[in-house]
Structure formats: structure tokens, C-alpha cells
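If you're wondering where the values come from, they're calculated on a predicted model, not measured in any experiment. So that the names make sense, note that chain A is the first sequence line, chain B the second, and so on, each numbered from 1.
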Protein chains: 2
Amino acid sequence: MREPTYFILLALHREPMHGYAIASQVEELSDHRVKLTAGTLYGALDRLVNEGLLEVDREEQVNGRRRRYYRITEQGEAATQEEALRLRQSFEASVPLLGPLPKGATS
Amino acid sequence: MREPTYFILLALHREPMHGYAIASQVEELSDHRVKLTAGTLYGALDRLVNEGLLEVDREEQVNGRRRRYYRITEQGEAATQEEALRLRQSFEASVPLLGPLPKGATS
DNA sequence: TTGTATATATCGGTGAACGTAGTATCTTCG
DNA sequence: CGAAGATACTACGTTCACCGATATATACAA
């Protein structure tokens with residue numbers, strides 16, 4: 001799983017959201033590091049629904065604009081947690097080799 | 001940067017190593033999670049030399065087998081550190097959403 | 001009316017990763 | 001002695017997530 005996918009799943013842990021809102025949430029969660037383009041976003045959403053990590057929650061019409069809401073599944077929650085553990089393990093592997101890293105933003 | 005690349009760079013922080021030794025070191029550093037195949041390993045090494053993150057340190061003949069040793073560059077060290085910070089930030093983004101995760105192995 | 005934000009969708013290209021197969025030598029074990 | 005396994009690298013082809021570009025459409029502000 002790559003970074004965009006991880007943050008999409010993470011964003012949906014709070015509540016069901018529609019695509020565009022997910023993109024905003026991902027940017028916030030990632031300290032403005034990850035900015036999803038339309039291709040990445042909707043491609044990933046379709047893929048994740050196919051894989052059973054997400055489900056379509058509902059569709060709405062708001063001011064003539066269609067909104068499709070996505071909900072994370074149990075399988076999706078499990079996958080997110082596994083990925084978070086993987087990230088932690090990868091980071092921690094660097095500690096004995098690189099020493100403590102600066103606390104600040106991700107450069 | 002993907003996981004195999006990250007661990008290859010990390011492995012070379014101790015000392016210059018040849019391909020096969022790198023693969024062993026990567027497996028150890030990753031808690032046996034990342035196992036590099038020949039394709040990934042040597043492909044990544046060539047690519048990283050091209051990008052200036054690694055350099056060929058020296059070549060040896062050991063028992064008729066050629067050994068090419070790789071060394072990390074300053075640019076490679078900087079890239080590894082950036083990547084480690086990125087991993088930490090990504091993991092930490094999960095904490096308020098997933099809560100504390102089990103300390104054990106990465107499932 | 002031009003631009004920006006909202007909102008979704010499709011298409012094609014790129015490149016890292018990955019699998020597999022091949023070549024070759026040395027060591028170990030039955 | 002022969003098979004197996006570790007060492008060490010090369011060379012293919014394939015897959016798949018990501019990404020930029022493009023398209024469509026509404027609402028609102030300058």
C-alpha cells in the first residue's frame with residue numbers, strides 16, 4: 001500500500017466522506033505533504049471498493065452536484081492498522097542507524 | 001521512495017556492502033518482512049547509482065565470484081533521513097484515529 | 001465574465017517492484 | 001559422488017499504483 005491509499009483509508013476512520021472531502025482531509029492529516037490529484041483519488045476509491053476495503057455509503061445531490069459517500073469496512077480498518085504498524089516498524093528500523101531525528105516538519 | 005529502496009539505503013549506513021549482503025541486511029532490519037528478490041535488488045542498486053544516492057565502492061574477486069560493493073553518498077544519507085521522517089509523520093497521523101497500536105510484530 | 005472552489009470521471013504514460021530464469025562457483029551433507 | 005543450498009549477479013517481461021491531462025458541471029465572488 002502506498003501513501004495516498006493509506007491516507008485515504010485513514011481519513012475515513014472518522015466518518016463516511018465523499019471524494020473531494022477525502023482529498024482535503026488527506027492533505028490535512030499529512031501536514032500538507034500528500035495532495036491527491038483526481039486521477040489518484042478516484043482511481044484509488046474504485047480500487048478500494050473492489051478490494052472490499054471501502055463501501056459506498058450513500059449518494060446525495062447537493063446544489064445539483066452529485067456526492068458519493070464512502071465508508072470504511074472492517075477489512076479496511078484492519079488493513080489500515082497493519083499499514084500503520086508497518087510504517088512504525090520501518091521508521092524504528094532507522095533509529096539505531098540514523099540516531100534521533102529532528103522533531104520538526106518533514107522537511 | 002518505496003520500502004525496498006528505503007531499506008537498501010538504510011542497510012548501507014553502517015558500511016559499504018555487496019548486493020547479496022545488502023539483501024540479508026534488509027531482511028534483518030525489516031524483522032524479516034522485506035525479502036528482496038534479485039530483480040528488485042539489482043534493479044534498485046542500478047537506479048540508485050544513477051540517481052546519485054549510491055556509488056560503487058569497489059569490486060572484488062572472491063572465490064571466482066565477482067563482488068561489487070556499494071557505498072551511500074551524502075545525497076543518499078539525506079534522502080534516507082527525509083524518508084524516515086516521512087514514515088514517522090505518516091505513522092503518527094494514525095495515532096489520533098486508531099489509538100495506540102500493539103507493540104508486537106507487524107502481524 | 002473571468003476565475004476559483006466544488007465535485008466527479010476517464011485515459012494514457014511512467015516507473016518501482018516483482019517474478020522467473022539463467023549463469024556460475026563453493027560448501028555441506030547423505 | 002551427487003544433490004542441495006548458499007553465494008553472486010544479469011536479463012528479461014509483467015504488473016499496478018500513481019499521476020498529469022483532460023472533460024464536464026454547478027455555485028459564487030471579483
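No engagement by B:A21 is indicated, since no non-hydrogen atom pair under 4.0 Å with the nucleic acid exists. Backbone-only contact: B:E51 has heavy atoms under 4.0 Å from sugar-phosphate atoms and none from a base. Here B:G19 lies in heavy-atom contact (under 4.0 Å) with sugar-phosphate atoms only.
Minimum atom distance to the side chain of A:T5 is reached by D:dC18, of the listed D:dC9, D:dC18, C:dT10. Among the nucleotides C:dG19, D:dC9, D:dC19, the one closest to any side-chain atom of B:T37 is C:dG19. Comparing C:dA7, C:dA9, C:dT20 by their nearest atom to the side chain of A:Y70 picks out C:dA9.
Place A:G43 and B:E3 on DNA chain C by their nearest nucleotides, and A:G43 ends up nearer the 5' end. With DNA chain D read from its 5' end, the first of the two nearest nucleotides for B:S24 and A:K35 is the one closest to B:S24.
As a whole-Å value, the separation of B:E59 CD from D:dA8 C1' is 12 Å. Atom CZ in B:R66 sits about 17 Å away from atom C1' in C:dC26, given to the nearest Å. A:I22 has its CD1 atom 15 Å from the P atom of C:dT6, to the nearest Å. Atom CE of A:M17 is separated from atom C1' of C:dT6 by 15 Å (rounded to the nearest Å). With rounding to whole Å, B:Y20 atom OH is found 16 Å from C:dC26 atom P. Rounding to whole angstrom units, CG of residue A:L41 and C1' of D:dG20 are separated by 14 Å. The CG atom of B:L36 sits 13 Å away from the C1' atom of C:dA16 (whole-angstrom rounding). In this entry the distance linking OH of A:Y6 with P of D:dC18 reads 14 Å, nearest Å.
Counting heavy atoms from C-beta on, the side chains of A:L98 and B:L10 come closer than 4.5 Å. The closest side-chain heavy-atom distance from A:V26 to A:L41 is not below 4.5 Å.
Proximity of A:T40 to the phosphate of D:dC19: a side-chain N or O atom is located under 4.0 Å from OP1 or OP2. OP1 or OP2 of C:dA16 lies within a sub-4.0 Å distance of a side-chain N or O belonging to B:R47. Close to C:dT8, at under 4.0 Å from its OP1 or OP2, lies a side-chain N or O of A:Y42. For C:dC18, the OP1/OP2 oxygens have no side-chain nitrogen or oxygen of B:R2 closer than 4.0 Å.
The backbone N or O of B:S90 lies less than 3.5 Å from a partner atom in the side chain of A:Y6, making a donor-acceptor pair.
Counting non-hydrogen atoms of other residues, nucleotides and ligands closer than 6.0 Å to CZ of B:R14 gives a total of 12 or fewer.
Counting only N and O atoms by type, the side chains of A:S94 and B:R88 include no donor and acceptor under 3.5 Å apart.
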